[in-house]
Amino acid sequence: MHQELLLPSRMTIKENFKFLSMKYKLNRVLLIMVGLIFFQCTTTSDDFIISREVTTSIFIGSNEPEYVQLAAKDLIDDIELITGITLKTVTSMEECNGNCIVIGTVGDSDIRNMVDINKISALEGAWEKYVIFSSKKGGNNRLNIIGSNPRGTMFGIYYFLEKELGVDPLKYWTGYEPVKKEKIILQTIDYTSVEPDFKFRGWFINDEDLLTEFKESGGIRKIDYPYYGQVTNPELIKEVAKAAVRLRYNLIIPASFLDIRNPAEERLIKEVSKRGLFISMHHIEPVGVSAFGYQNYWKEKEENPLFSFYSEKEKLIETWTEYAKRWAKYPDVIWQIGLRGIADRPMWMADPGVPQSDEERAAIISDAMKVQKEIIMNVTGNQNPLMSTTLWAEGAFFHQEGLLKIPDNVMIIFADNSPGYVWQSDFYDTERSENNKYGIYYHYQLWGAGPHLAQAIPPSKPFQLFKEAMDRNTNEYAILNVSNIREFPLALQTSSDMFWNMDSFEPSEALKAWCANRFSDAPEETYAAYSQYFDSYQKVGNKQIPGFLDGQQRIKGLSILGQLNELLVDGHAQREKHTKQTKSIKVKDAFHLSLSDTNPAGGLPLEESLEKVNLQLAGFVKAKSLAVSADSKLAGMEKDFFESNLIGQMDIVIGLGQWLENCIYAKQAADNRDWEITRQHLQTALNAFEVIDSGKQKASKGKWKNWYRGDKKMNINALKERTKEVLKSVGEKM
């Protein structure tokens, strides 16, 4: 027999359970018995009840767009999942017999006739605001979810599902299913949301190697790039979009290097747009055109022009125009403008003929943005379309130097340093213009530097940076680089809370609340494990930026293996000469200057790197011990999620740390020509991949069996093979 539970307003099932257990110090069995009596005895005629004994229907305003209809269907489906009861949808006020859930937008005449106008007047003209309140009509109870605009209505539905019914917005990704029960009993509700502090709030699905390979593809990508052979499965992108709107985000960049002329890739746009998300583009895809899309376009014409606004200006304008016509078919596009080269590199790397000075290069980018804006206005017929330009890499450098001329009414987006710890200096030094609005681009993930396979940023750090954005009126737009989604549910949940209401967010309590809600049998223990894990990442330099994230360890280790190989073949002097030449080139380049914080430990001597790696490993071992102890108290979905979200990720970074540590030891031994010790440490480094594999296995259970099949970015298998190759060379040297 399922429990019958009364859910007080804005309290989830777990919150009720926790409240009673703390207040009355009851054990679980006694708590359930007391709870059943307490809940049943306090039910009143004003309570909104969903049960088999009470007729309950849903009324949805007739003019609501598809995404509100889909949200209402999610409401129906989730209630059925909880109770087994399927609610009936009605289309007229007269059909609202019995208990009725009324869903609609403030401007709808039907809604205004059905609800107290005084309850919804505060919604007029607001952005994505909503009210949820109880009322009575003809002796029947009503639950009203009314939005200031359709997205406000949609977010009201999802807020209700999360806060009132305890449905996890990330349930597909976390495995958390709502508690089953025979009845839903809701006490009187009277809730009015705030308007979100950040207007456009979204996810950038970037470096999505695991997503693209996890399920069989919806099609082949026509792209000359080694990391993406397939398009993300359309059923999977639906789950991405659904999770975004359930968490009350309203914006998405659905893929890297998306080519709208490929039907399989265009389907990604269709699916996320259907969910009511504003859609935008990777910062290297102005007007929806990446270098790969450009090459595909001209290949069909049996031409192969250079990808360059400098050398092939008319070719690029033609391509932008054709792509703009296709993107313009979709509502709510936030157009990206700017100019980059191939695969997230500067445009001058794609055209050696581009002028050498920063002034001339910036002028080319400025000219391109002017042309792009004209194309977008002509194609859309809108003289003030939503547009943004992301100041990533050389764009940030040029803008800070005052060299870029960004068109009016374009949102200017500042970026962090990549590992998510500090804004680039242009964020602070650039004077804001009255003719533009401003936003942020924040990395929870960055392939190369990391994090990628393991989360690394605690809630306190983005809160600090987002608060700085608020203080500088840089909150029109916020895009989060979240890669494959599944590694970052903590970040996605807490960031949404921040974006909606910075003042009510307490970073010191956010992680505690996360653990109390997710791991009810071990809240303190899991909090200690997460805290120790985040605190263990070692920081370097004056800015105190993490230096040994998963991607940074990969870069460092591969570099050391390369040096070992050269030492075995050619000797050390040639490597030193090559390194000095490389550094001298990078210092002069705006691209490399702008990303100097991305890998701050890259230039650390081996001795300092080894010290940091050892300290980080010691911290992770302590965190692992805390996590294993906490895990012993968990069961079911809480245990599964904890093991995949924290313990498995810890194993991955511990294994990488052991690998890097022993690569360093091997290099030190090789410098002394002690080949036997070199061999021993390389063998130990190779053994560390067993630890990494154990971590991947923890996150590859059940439906996630093939999660790491697409690991082409970090490419753990390639790291292992490279280690084997150098180990073999050392053996031959002996």
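- The closest donor-acceptor contact from the side chain of Trp348 to the backbone of Gln356 lies at 3.5 Å or more, if one exists at all.
- Open room surrounds NZ on Lys622; 12 or fewer heavy atoms of other groups in view lie less than 6.0 Å from it.
- Under a 3.5 Å cut-off, the side chain of Arg248 and the backbone N or O of Ser496 do not form any donor-acceptor pair.
- For Lys199, the NZ atom is densely surrounded, since the number of other residues' heavy atoms within 6.0 Å is greater than 12.
- Distance CZ/Phe307 to CE/Met349: 14.0 Å, rounded to 0.5 Å.
- Between Phe204 and His282, the two ring planes are perpendicular [angle over 60°; tilted spans 30° to 60°].
- Interatomic distance, Ile406 CD1 to Met387 CE, rounded to the nearest 0.5 Å: 11.5 Å.
- Ring geometry for Phe499 versus Phe198: interplanar angle of 30 to 60°, hence tilted.
- Side-chain contact annotation: Gln464 with Lys461, donor-acceptor N/O pair under 3.5 Å present.
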Checklist entry - salt bridge (charged side-chain N to carboxylate O under 4.0 Å, His left out) between Asp209 and Lys713: does it pass, once the steps are laid out? => result CA-CA 7 Å; Asp209 54 342; Lys713 292 277 186 175; over 6 Å; no
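- Defined by atom type and a distance below 3.5 Å, a donor-acceptor pair is missing between the side-chain atoms of Asn484 and Gln445.
- Side chain of Glu643 to backbone of Lys698: no donor-acceptor contact under 3.5 angstrom is found.
- What you find for Thr389 and Ile337 is that their closest heavy atoms are OG1-O, 2.9 Å.
- Side-chain contact between Phe309 and Asp367 is present, with heavy atoms from C-beta onward closer than 4.5 Å.
- Taking the six-membered ring where the residue is Trp, the centroids of Tyr442 and Phe466 are separated by under 6.0 Å.
- Of the N and O atoms on the side chains of Thr474 and Arg432, at least one donor lies less than 3.5 Å from an acceptor on the other residue.
- Under the 3.5 Å distance criterion, with hydrogens and angles disregarded, a donor-acceptor pair is assigned to the side chains of Tyr441 and Asn481.
- One N or O on the side chain of Tyr438 and one on the backbone of Ser433 form a donor-acceptor pair closer than 3.5 Å.
- Taking the six-membered ring for Trp and the full ring otherwise, the centers of Tyr537 and Phe620 sit less than 6.0 Å from each other.
- Within 6.0 Å of NZ in Lys612 there are more than 12 heavy atoms belonging to other residues, nucleotides or ligands.
- For the residue pair Asp693 and Tyr708, no side-chain donor N or O sits within less than 3.5 Å of a side-chain acceptor on the partner.
- In terms of heavy atoms, Ser531 sits closest to Leu511 at OG-CD2, 3.7 Å.
- The CD1 atom of Ile555 lies 10.0 Å from the CG atom of Leu549; values are rounded to the nearest 0.5 Å.
- A donor-acceptor pair under 3.5 Å is formed between the side chain of Gln372 and the backbone N or O of Gly338.
- Checked against the 6.0 Å centroid criterion, the rings of Trp203 and Tyr249 qualify as a close aromatic pair.
- Annotation: Trp392 is in aromatic contact with His443 [ring centroid separation under 6.0 Å].
- Using a 4.5 Å heavy-atom threshold, the side chains of Val240 and Ile252 count as touching.
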Checklist entry - Can you list the steps and then say if Glu487 with Tyr444 is a side chain to side chain donor-acceptor pair (under 3.5 Å)? => result CA-CA 10 Å; Glu487 285 69 31; Tyr444 275 115; over 6 Å; no
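- Side-chain contact check for His452 versus Ser483: some heavy-atom pair is nearer than 4.5 Å.
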Next on the checklist: Go through it in stages, so that I can follow the logic: the residues are Gln649 and Asp550, the test is side chain to side chain donor-acceptor pair (under 3.5 Å), and I'd like the CA-CA distance, side-chain angles, deciding distance and then a yes or no.
Outcome noted: CA-CA 10 Å; Gln649 292 187 21; Asp550 54 8; over 6 Å; no
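- You'll find the side chain of Phe278 reaches within 4.5 Å of the side chain of Leu386, heavy atoms only.
- A side-chain N or O of Glu208 and one of Ser256 form a donor-acceptor pair less than 3.5 Å apart.
- Applying the side chain to side chain donor-acceptor pair (under 3.5 Å) test to pairs two or more places apart or on separate chains, those with a residue in residues 400-413 are Gln400-Ser425, Gln400-Asp429.
- Phe292 places a side-chain heavy atom less than 4.5 Å from the side chain of Ile342.
- The shortest distance between side-chain heavy atoms of Leu490 and Arg518 does not fall below 4.5 Å.
- Judged by distance alone, with hydrogens and angles left aside, the side-chain atoms of Thr723 form no donor-acceptor pair with the main-chain N or O of Leu686 at under 3.5 Å.
- Scanning both residues, Ala291 and Gly341, for their nearest heavy atoms gives CB-O, 4.1 Å.
- With hydrogens and angles disregarded, a donor-acceptor distance shorter than 3.5 Å links the side chain of Asp711 to the backbone of Ile716.
- Under the 4.5 Å side-chain criterion, counting only non-hydrogen atoms from C-beta, Lys437 is not in contact with Tyr477.
- The closest side-chain donor-acceptor pair between Thr494 and Trp514, if any, does not fall under 3.5 angstrom.
- A heavy-atom distance below 4.5 Å is not found between the side chains of Tyr227 and Thr212.
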